[in-house]
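In what follows, a structure is listed as structure tokens, so that the remarks can point back to it.
Protein chains get the first letters and strands the later ones, always in sequence-line order, with residue 1 at the start of each. Every heavy atom of this structure was used, including side-chain atoms; hydrogens, water molecules and symmetry mates were not.
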2 protein chains.
Amino acid sequence: MLPEKDCSRAMLSIKDALEAVEGRWKLLILYSLCSGPKRFSEIGREVAGITDKTLAKELKALQANKLIKRDVYDTSPPTVEYTITKHGRSLNKVLYELWNWGLAHRKEVIGK
Amino acid sequence: MLPEKDCSRAMLSIKDALEAVEGRWKLLILYSLCSGPKRFSEIGREVAGITDKTLAKELKALQANKLIKRDVYDTSPPTVEYTITKHGRSLNKVLYELWNWGLAHRKEVIGK
DNA sequence: GATAGTACTTTCCCTTTGGAAAGCACTATC
DNA sequence: GATAGTGCTTTCCAAAGGGAAAGTACTATC
């Protein structure tokens, strides 16, 4: 499965992947964008509890990782739309495995 | 793939999984234990840069998640041995997917 | 001319995290 | 009797993270 010899390289990739997904908010934002492009305040409303500051920061991180894209339309006041990218959607397999293992983990650890 | 209706439940499992794996150290410790049971100071030596305090904390977290087990032998000074569990090994699939996606992610985002 | 809305940014402050270093109880060794 | 080693814990401190709330530049609306 995982290359034993090349452990440090594998760790690098795994860290990259974890970084793209870690934290309380990134997945929730991504989920929110699954149902279509949304604007800043829309996402803020859908992702319950997130502050403007945090939302702005997370959106930047997601952009930097090319999981979402940001489009500005020249209206007034300007409209900004966030869309999940193909790369963002490709996280699905990872999330599925995490979900799967997380279920087994719950059973194993919490027993419920 | 992922249940859309049951998004918040799925999120719970995913968070469980992420929590078990997140941070700079847990995977390194787990990797170190792949090659056989080890003692506290051995792990400390293998996982370069980790402090005693952090190692103790991470080992507790891994234990709580049943990814490793801790055995104390009644020698003097007492010997404590850490072993990866079957559940710990079952993380393999998740790590494989993370590794895989992480590789694609590197290509996509860093382009190298 | 006051208010509201958009997409953020900034400031303040508090909590958490994490490293460095020392401590500790015990024993074996020199 | 001093030193070393074991498996941690404790203390100190600095940096980072994150929420609350207000600010900003602009425009449209009443």
Same hydrophobic cluster for A/Y73 and A/I84, using side-chain heavy-atom links shorter than 4.5 Å among ILVMFWY? no

Quickly work out the A/E42 CD to C/dA7 C1' distance and round it to whole Å. 13 Å

Proximal nucleotide (of C/dA7, D/dT6, D/dG18) relative to the B/R45 side chain: D/dT6

Scan side-chain atoms only and decide if B/W101 and A/S90 contain a donor-acceptor pair under the 3.5 Å cut-off. yes

B/I68 has an atom CD1; how far is it from atom P of D/dG7, in whole Å? 13 Å

Nearest to the side chain of B/P77 - D/dC8, D/dG5, C/dA7? D/dG5

Using the side-chain hydrogen bond (donor to acceptor under 3.5 Å, both in side chains) definition, which of the options A/H87, A/K66, A/E19 pairs with B/H105? A/H87

Side-chain N or O of B/Y82 closer than 4.0 Å to phosphate OP1/OP2 of D/dC8: yes

5' priority, DNA chain D, between B/P78 and A/G49 [closest heavy atom]: B/P78

Charged N to carboxylate O under 4.0 angstrom, A/K38 versus A/E46? yes

Can a side chain N or O of B/K57 be found less than 4.0 Å away from OP1 or OP2 on D/dT10? no

Does C/dA20 have OP1 or OP2 under 4.0 Å away from a side-chain N or O of B/T51? no

Counting side-chain heavy atoms from CB outward, which of D/dT6, C/dG19, C/dA7 is closest to A/R39? C/dA7

Any idea which of D/dG19, D/dT6, C/dG18 is nearest the B/K53 side chain? C/dG18

Between C1' of D/dG17 and CD of A/E22, the distance in whole Å: 11 Å

May I have the distance from B/D52 (atom CG) to D/dC12 (atom C1'), rounded to whole angstrom? 16 Å

Map A/S41 and B/R24 onto DNA chain C by nearest heavy atom, then report which one ends up closer to the 5' terminus. A/S41

